[in-house]
Chemist: 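Below you'll find the structure I mean.
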Amino acid sequence: MGNCFSDVQGGMQAVGGVQQRPTAATTMTHNDGGHNDAVDFFYRSRGLQQLFTQIELSLAAFNLRDRDITSKSDPMAVVYAKKIDGKLDELGRTEVVLNSLNPTWIEKVTVAFQFEIMQPFVFHVYDIDTKYYNVPVKTLKLEDQDFLGEATCVLSEIVTKQSRSLTLNLHGKSGHTGLRNLGVLTIHAEELVASRSAVEITLRCSYLDNKDLFSKSDPFLRVSRIVESGGSIPICKTEVVNNNLNPTWKPLCLSMQQFGSKDNPLIIECFDFNSSGNHVLIGKLQKSVADLEKLHKGRSGANLILTSHHGHEKILKGQLFVDQFCEKEQYSFLDYISSGFELNFMVAIDFTASNGNPRNPDSLHYIDPSGRLNSYQKAIIDVGEVIQFYDSDKRFPAWGFGGRTSDGTISHCFNLNGNAGGFEVEGVEGIMTAYASALHNVALAGPTLFGQVINTAAQTAGQSLSYNSNKYFVLLIITDGVLTDLQETKDALVKASDLPLSILIVGVGGADFGQMEVLDADNGQRLESSTGRVATHDIVQFVSMRDVHGGRISVVQALLEELPGQFLTYMRRRDIKPRPLHVAQTSG
């Protein structure tokens with residue numbers, strides 16, 4: 001990697017060693033330019049572990065139809081992913097269980113659970129002809145086998161069950177069971193996680209060499225894991241501490257998946273930050289996590305070493321200390337969801353005049369009689385269909401803003417259903433119906449203000465804390481315009497950052513959405529309120545529909561990619577743990 005290291009804009013933020021970054025195995029990328037984003041990519045990918053979690057599916061069937069004359073059926077199951085175009089993509093096969101109408105297959109099928117998209121799965125069960133007994137299952141021609149039944153579900157339906165098991169009736173390929181009972185199929189999902197163990201450490205250095213001419217060094221640490229090939233993979237870095245030769249960095253939280261084992265050697269390098277990206281090495285050392293624990297217990301430091309161009313190692317005066325060392329459990333998004341935690345969906349729709357007259361076909365609010373969805377409808381359906389699986393009652397608060405309601409006043413937060421007594425609607429279809437109805441009853445006006453809608457959503461999330469800590473709220477704002485109340489919106493977001501709330505913003509149409517990028521603090525700069533208060537963490541994700549290419553799914557992926565990480569940040573900051581299974585079942 002050399003001395004060139006960068007992550008987000010400015011390169012001064014910590015990467016990879018903070019609690020909100022769940023971990024998972026991934027691959028490195030190569031960047032040929034002087035600006036090295038390898039570690040940023042590495043950790044951005046690791047931050048998506050909850051979006052791309054490896055799930056192992058175990059299958060069992062009961063009361064299968066007997067297709068053999070002299071013996072029982074010899075069943076095998078095949079798992080498919082159903083693509084957008086309806087085609088089936090085979091993911092794996094079980095082994096063949098001989099002579100059984102109630103098989104429990106041992107061979108598992110591993111699939112990737114992606115939170116941000118719908119994942120329809122299809123399961124086929126076949127009776128394998130006896131002449132194929134010694135043929136590897138992967139080479140079996142399915143058209144030569146007897147079809148026993150089919151079942152379908154969405155992966156979310158399995159992982160949201162407290163038991164992580166789902167039983168489905170088998171039916172024919174036409175979708176009907178006919179006159180005969182074809183039996184049932186049970187699918188059980190287990191998350192493949194090597195370990196949930198993590199360590200939180202606070203590192204400090206003293207008497208560092210000064211590498212700057214007119215001021216003191218701006219040091220940061222980079223931690224890398226040595227791999228079997230002999231090379232090293234960066235796993236995290238600290239933030240930069242400006243103008244300080246005795247820095248103490250914010251705590252790092254490293255999972256066992258990052259460091260491998262407590263005895264695995266780590267390389268800890270201390271650099272002087274330069275905005276050019278050419279960071280100067282101050283010194284380094286090699287220690288395992290177990291060694292760092294010993295330094296903490298002994299309250300002793302370890303000297304940094306600097307290797308010269310001739311290969312000679314010089315022991316420096318500067319030392320590394322471990323001020324804090326704490327082992328902890330780091331739970332995953334699925335741990336919370338399967339123990340009864342829920343995502344409660346809310347939506348707010350822009351009714352400002354810049355959308356255009358809803359009766360005109362070029363309006364962003366135009367309801368096409370042919371059934372073609374406008375951008376607002378697409379966003380509601382795409383996001384709602386994913387999140388509804390994580391909401392048990394599927395009653396969604398729905399608001400509009402920027403419209404002139406029936407009483408003649410312009411409202412920046414009105415109930416979409418027109419009901420003064422309640423803002424909830426039934427399911428995604430309820431949102432769609434209320435939206436279409438509101439277009440007939442509410443006149444488009446303006447300006448574009450988010451503050452009141454965010455405060456109302458925050459009030460709903462805040463009220464839940466007093467009676468239920470297993471709810472997390474997701475507000476979807478769909479808008480076409482430039483914000484008029486940017487500072488008020490920032491104030492509302494900073495205040496809401498302490499709550500179990502994430503805000504997804506979809507920009508539709510051709511407006512300049514530069515302000516939205518400010519709200520989505522992906523550059524590492526947390527939002528600051530008018531009083532100087534800084535957001536606890538980033539709770540906003542913005543995507544412009546015109547900037548996302550690749551079709552419907554990629555819009556949803558871009559919008560929801562940060563949500564599991566935001567959820568985990570909130571839970572971990574408050575030390576909220578998944579509920580024990582018996583508690584979840586009782587409350588359920």
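All values reported here derive from a predicted model rather than from experimental measurement. Throughout, residue positions are numbered sequentially from 1 according to the sequence presented.
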Chemist: Taking only residues at least two apart or on different chains, which pairs with a member in residues 152-165 satisfy salt bridge (Lys or Arg N to Asp or Glu O under 4.0 Å)?
Modeler: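 Residue pairs with at least one partner in residues 152-165: Arg164-Asp335.
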Chemist: Side chain of Ser464, backbone of Ala461: donor and acceptor closer than 3.5 Å?
Modeler: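 Answer holds: yes.
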Chemist: Kindly write out the residues that satisfy salt bridge (charged side-chain N to carboxylate O under 4.0 Å, His left out) with Glu56, not counting sequence neighbours, or none if the list is empty.
Modeler: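 Per chain and number, Glu56 pairs via salt bridge (charged side-chain N to carboxylate O under 4.0 Å, His left out) with no residue.
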Chemist: Residues two or more places apart in sequence or in another chain: which of them pass salt bridge (charged side-chain N to carboxylate O under 4.0 Å, His left out) with Asp144?
Modeler: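 Asp144 satisfies salt bridge (charged side-chain N to carboxylate O under 4.0 Å, His left out) with no other residue.
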Chemist: Do you know the tightest heavy-atom contact between Val508 and Ser375?
Modeler: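 For Val508 versus Ser375, the nearest heavy atoms are CG1-CB, 3.5 Å.
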Chemist: Test: ring-ring contact (aromatic ring centres under 6.0 Å, His included). Region: residues 67-91. Which pairs qualify, not counting sequence neighbours?
Modeler: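 Qualifying pairs, neighbours excluded: Tyr80-His124.
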Chemist: Grab the two heavy atoms, one from Pro103 and one from Leu101, that are nearest each other, plus how far apart they are.
Modeler: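 Residues Pro103 and Leu101, closest heavy atoms: CD-C, 3.4 Å.
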Chemist: To the nearest 0.5 Å, tell me how far Thr456 OG1 sits from Phe423 CZ.
Modeler: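 Thr456 OG1 to Phe423 CZ: 8.0 Å, rounded to 0.5 Å.
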Chemist: Could you tell me whether the side chain of Phe259 reaches within less than 4.5 Å of the side chain of Leu266, counting heavy atoms only?
Modeler: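 Yes, close enough: below the 4.5 Å cut-off.
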Chemist: Does Asp89 use its side chain to pair, donor to acceptor, with the backbone of Ala81 at less than 3.5 Å?
Modeler: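 No: the side chain of Asp89 does not pair with the backbone of Ala81.
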Chemist: Say whether, by atom type as modelled, one donor and one acceptor occur between the side chain of Ser73 and the main chain of Arg65 under 3.5 angstrom.
Modeler: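 Confirmed, Ser73 side chain pairs with Arg65 backbone.
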Chemist: Counting only N and O atoms by type, is there a donor-acceptor contact under 3.5 Å from the side chain of Asn102 to the main-chain atoms of Asn63?
Modeler: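 Checking the backbone N and O of Asn63 against the side chain of Asn102, a donor-acceptor pair under 3.5 Å is found.
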Chemist: My understanding is that only residues two or more places apart in sequence, or in another chain, count here; which of them pass salt bridge (charged side-chain N to carboxylate O under 4.0 Å, His left out) with Lys394?
Modeler: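 So Lys394 forms no salt bridge (charged side-chain N to carboxylate O under 4.0 Å, His left out) with any residue.
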Chemist: Walk me through it: do Lys173 and Glu150 pass the test salt bridge (Lys or Arg N to Asp or Glu O under 4.0 Å)?
Modeler: CA-CA 6 Å; Lys173 283 189 176 179; Glu150 174 186 280; over 6 Å; no
Chemist: For Gly507 and Phe542, which heavy atoms make the closest approach, and how far apart are they?
Modeler: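 Distance-wise, the nearest heavy atoms are N-CE1, 3.6 Å.
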Chemist: Are Arg572 and Glu329 close enough for a salt bridge, meaning some N to O gap below 4.0 Å?
Modeler: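 Looking at Glu329 together with Arg572, the answer is no, because their closest N to O distance does not fall below 4.0 Å.
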Chemist: Check whether any side-chain heavy atom of Leu475 sits under 4.5 Å from a side-chain heavy atom of Ser502, and report yes or no.
Modeler: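 No, side chains not in contact.
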Chemist: Which atom pair, heavy atoms only, marks the closest approach of Cys236 to Leu254?
Modeler: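 For Cys236 and Leu254, the tightest heavy-atom pair comes out as SG-CD2, 3.5 Å.
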Chemist: Are Phe341 and Tyr472 close enough that their ring centers fall under 6.0 Å?
Modeler: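 Not under 6.0 Å, so no.
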Chemist: Side chains of Ser165 and Thr186: any donor to acceptor distance under 3.5 Å?
Modeler: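 There is no such pair (donor and acceptor under 3.5 Å, judged by atom type) between the side chains of Thr186 and Ser165.
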Chemist: Taking only residues two or more places apart in sequence, or in another chain, which ones meet Arg93 in a salt bridge (charged side-chain N to carboxylate O under 4.0 Å, His left out)?
Modeler: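 For Arg93, the residues satisfying salt bridge (charged side-chain N to carboxylate O under 4.0 Å, His left out) (neighbours in sequence not counted) are Glu90.
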Chemist: Before you tell me yes or no, could you show the steps for Glu200 and Lys250 under salt bridge (Lys or Arg N to Asp or Glu O under 4.0 Å), namely the whole-Å CA-CA distance, both residues' side-chain angles and the distance that decides it to 0.1 Å?
Modeler: CA-CA 10 Å; Glu200 185 172 286; Lys250 294 176 183 177; over 6 Å; no
Chemist: So is Lys82 actually on top of Phe121's ring, under 6.0 Å and inside 45° of the axis?
Modeler: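 Checked: cation-pi criterion not met.
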Chemist: Return yes if some donor-acceptor pair links the side-chain N/O of Tyr336 with the main-chain N/O of Ile576 below 3.5 Å, else return no.
Modeler: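 A pair under 3.5 Å: yes.
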Chemist: Does the ring centre of Phe115 sit less than 6.0 Å away from the ring centre of Tyr390?
Modeler: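 Yes; Phe115 has its ring centre under 6.0 Å from that of Tyr390.
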Chemist: Is there a donor in the side chain of Asn374 and an acceptor in the side chain of Tyr435, or the other way round, less than 3.5 Å apart?
Modeler: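 A pair is found: one side chain offers a donor N or O, the other an acceptor, under 3.5 Å apart.
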